[in-house]
Protein chains: 2
Amino acid sequence: MSRNNAGLSTERIVTEALHIIDGLGLGKLTMRRLGDALQVEAMAIYHHFPLGKEQLFDAIVEFITDADRIRAEAAAADADAEPDGTEPDEPAPDNRPWDQRLRSWAADYRTALLRHSGALTLIINRRPDTEPALRALELHCAAFEEAGLRGAAVLDAAAALDSYVTGAVIHQVRATSIATPDAPRPDGRFPHVVALRAAQSPDAVDHDARFGAGLDALLAGVTAAPGHR
Amino acid sequence: MSRNNAGLSTERIVTEALHIIDGLGLGKLTMRRLGDALQVEAMAIYHHFPLGKEQLFDAIVEFITDADRIRAEAAAADADAEPDGTEPDEPAPDNRPWDQRLRSWAADYRTALLRHSGALTLIINRRPDTEPALRALELHCAAFEEAGLRGAAVLDAAAALDSYVTGAVIHQVRATSIATPDAPRPDGRFPHVVALRAAQSPDAVDHDARFGAGLDALLAGVTAAPGHR
DNA sequence: ACCTGAACACCGTTCAAGT
DNA sequence: ACCTGAACACCGTTCAAGT
């Protein structure tokens with residue numbers, strides 16, 4: 001066998017990089033380690049990502065936030081009793097009401113971010129004009145117009161929705177991260193926190209329900225407001 | 001002069017590190033570069049942060065999100081016509097209604113994050129049980145109880161508020177980051193986006209107004225909901 | 001206690017070379 | 001076109017040593 005043509009591809013590289021991030025953390029993602037995992041010299045990666053690690057990071061973010069791929073994977077898992085060789089059809093238009101479309105998008109996006117929480121710091125630098133981002137924005141704008149918003153209020157609502165979902169994932173990842181041993185336990189200076197945590201331990205929080213409650217509140221709030229600001 | 005006792009302190013180190021982050025970006029914050037800026041060997045930093053760079057990162061995050069220091073600085077700038085040597089008094093209790101307290105907190109926190117947007121990736125890993133974090137949570141819980149919420153709904157509302165503010169800063173930093181030259185311009189596949197951007201260019205967005213609108217919507221939504229979920 | 005200086009085990013990336 | 005291998009300029013961190 002030849003040492004060339006090791007069958008490298010951008011998708012294989014991104015998948016393996018994500019595997020390292022999920023397993024060892026973002027800090028352990030090294031070009032050399034990634035090369036080892038791919039059974040290739042580290043420098044071979046630069047042929048597929050000439051701009052280096054930053055470009056690889058961008059590709060990872062696009063991969064994680066590619067809603068179409070996520071939906072296709074879910075559909076393939078559902079329809080495994082239909083093993084014909086046909087390509088997946090053009091995705092059927094979603095005819096449900098605006099709020100159900102937004103709730104589905106939010107749930108899917110949140111799931112994708114949580115599944116790869118080790119890459120969250122990369123998501124922060126996500127380019128707003130990438131194709132998956134524009135596709136999500138288009139979905140949001142169409143939904144909020146159907147809800148009755150117009151003009152700047154539509155874009156404001158879309159921004160608020162994206163902000164909430166991103167922030168909620170960060171909040172949850174923080175809350176479920178391993179506690180530092182020397183952390184100050186809430187004492188008399190924080191009476192409300194103490195009382196509320198006595199009723200509900202931080203470890204017992206239902207993050208899915210909390211996320212849904214906040215999302216409902218946000219959607220109700222942005223669509224109840226007058227159409228202009 | 002001796003080569004020892006260079007006057008290093010954790011505060012000086014953190015301040016200088018933040019200066020490098022603001023000026024050159026987080027990626028350029030190096031122990032060696034930080035040492036140069038402090039006129040000291042890089043290894044001297046380890047005497048004040050024995051756990052290394054991660055510990056320094058935590059200190060930077062605490063510094064940025066220390067609401068008390070921010071408020072004290074603002075107060076000192078206001079009261080510069082009162083140059084007596086007295087220490088700043090115990091902060092007066094804020095007797096305004098719950099929503100004004102939350103709006104002030106949100107504005108201050110957002111300002112602090114935006115001022116050091118290069119450190120945003122560090123903020124993601126912010127420990128939820130640090131003292132500034134608990135202080136903010138206490139403020140949130142007291143306000144939402146005053147608004148009529150009870151039990152889990154109070155903590156849910158506090159989580160939603162923190163999520164929104166954090167996410168909104170990330171959204172804004174993304175939106176105002178330099179555009180990639182090869183970014184796909186919105187075309188016929190994104191009709192709503194195209195139409196809305198024709199009316200309001202992305203560069204013309206009033207991010208302060210947008211933030212306020214979303215915050216108002218969120219506060220209205222979480223307090224309009226029934227007290228339990 | 002506080003800082004120095006050399007050393008170690010890594011990094012990302014460039015570049016010429018191989019097939 | 002696709003990959004290798006050596007090399008360069010860095011990193012974070014350890015450790016013994018200085019004062």
Side-chain angles (χ1 to χ4, degrees), chain A residues 1-63 118-119 121-122 124-125 180, chain B residues 1-63 118-119 121-122 124-125 180:
Chain A
M1 59 178 172
S2 73
R3 302 196 308 292
N4 289 10
N5 252 10
L8 226 47
S9 69
T10 61
E11 172 145 1
R12 251 206 356 129
I13 295 173
V14 169
T15 304
E16 200 62 45
L18 213 36
H19 192 249
I20 293 176
I21 292 175
D22 293 341
L24 304 174
L26 183 60
K28 297 292 185 185
L29 176 58
T30 311
M31 300 305 266
R32 286 170 164 89
R33 204 187 311 265
L34 181 54
D36 285 353
L38 293 163
Q39 311 238 52
V40 100
E41 282 301 310
M43 309 315 148
I45 299 164
Y46 286 85
H47 196 267
H48 298 265
F49 294 95
L51 275 52
K53 212 178 182 187
E54 286 301 312
Q55 192 182 11
L56 173 60
F57 284 163
D58 289 346
I60 293 171
V61 171
E62 273 213 42
F63 185 86
T121 55
L122 301 181
I124 282 195
N125 301 105
T180 44
Chain B
M1 57 180 173
S2 72
R3 300 198 307 297
N4 290 9
N5 253 8
L8 226 46
S9 69
T10 60
E11 172 145 0
R12 252 197 77 209
I13 294 173
V14 169
T15 304
E16 200 62 47
L18 213 36
H19 193 248
I20 293 177
I21 293 175
D22 293 341
L24 305 173
L26 183 60
K28 298 293 186 183
L29 177 59
T30 309
M31 299 305 265
R32 286 170 164 88
R33 203 186 313 266
L34 181 53
D36 286 351
L38 292 163
Q39 312 239 50
V40 101
E41 283 300 309
M43 308 315 148
I45 300 165
Y46 286 84
H47 195 266
H48 300 264
F49 294 95
L51 276 52
K53 212 179 182 186
E54 287 300 313
Q55 192 181 12
L56 174 60
F57 283 163
D58 289 346
I60 293 171
V61 171
E62 272 213 43
F63 184 87
T121 57
L122 301 182
I124 283 196
N125 302 105
T180 43

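A, B, ... follow the sequence lines: proteins, then strands. Residue 1 opens every chain.
- Distance, B:E41 CD to C:dA1 P: 21 Å, rounded to whole Å.
- One can place CZ of A:R32 at 13 Å from C1' of D:dT4, the figure rounded to the nearest angstrom.
- One atom, CE of A:M31, and another, P of C:dC11, lie 12 Å apart when rounded to the nearest Å.
- With a 4.5 Å cut-off on side-chain heavy atoms, A:T121 and B:N125 count as touching.
- Checking the phosphate oxygens (OP1, OP2) of D:dC10, no side-chain nitrogen or oxygen of B:R33 falls inside 4.0 Å.
- Put simply, CD on A:Q39 is 15 Å from C1' on D:dT4, counting in whole angstrom units.
- Using a 4.0 Å heavy-atom cutoff across all strands shown, B:L38 reaches no nucleic acid atom at all.
- Atom P of nucleotide C:dT13 and atom CD of A:E54 are separated by 8 Å, given to the nearest angstrom.
- Looking at A:T180 and B:D58, their side chains never come closer than 4.5 Å, going by heavy atoms from C-beta outward.
- Nearest nucleotide to the side chain of B:M43, out of D:dT14, C:dG12, C:dC11: D:dT14.
- Put simply, B:H48 has a side-chain N or O that comes within less than 4.0 Å of OP1 or OP2 on C:dC3.
- D:dG12 atom C1' lies 11 Å from atom CD1 of B:I45, rounded to whole Å.
- The side chain of A:A44 lies closest to D:dC3 when the candidates are C:dT13, D:dC3, D:dG12.
- Out of D:dT4, C:dC3, C:dG12, the shortest distance to the side chain of B:V40 is found at C:dC3.
- Following rounding to the nearest Å, A:H47 (NE2) and C:dA16 (P) show an atom-to-atom distance of 16 Å.
- Between the A:K28 side chain and the A:G23 main chain, no donor and acceptor come within less than 3.5 Å of each other.
- In this entry the distance linking CG of A:L8 with C1' of D:dT4 reads 13 Å, nearest Å.
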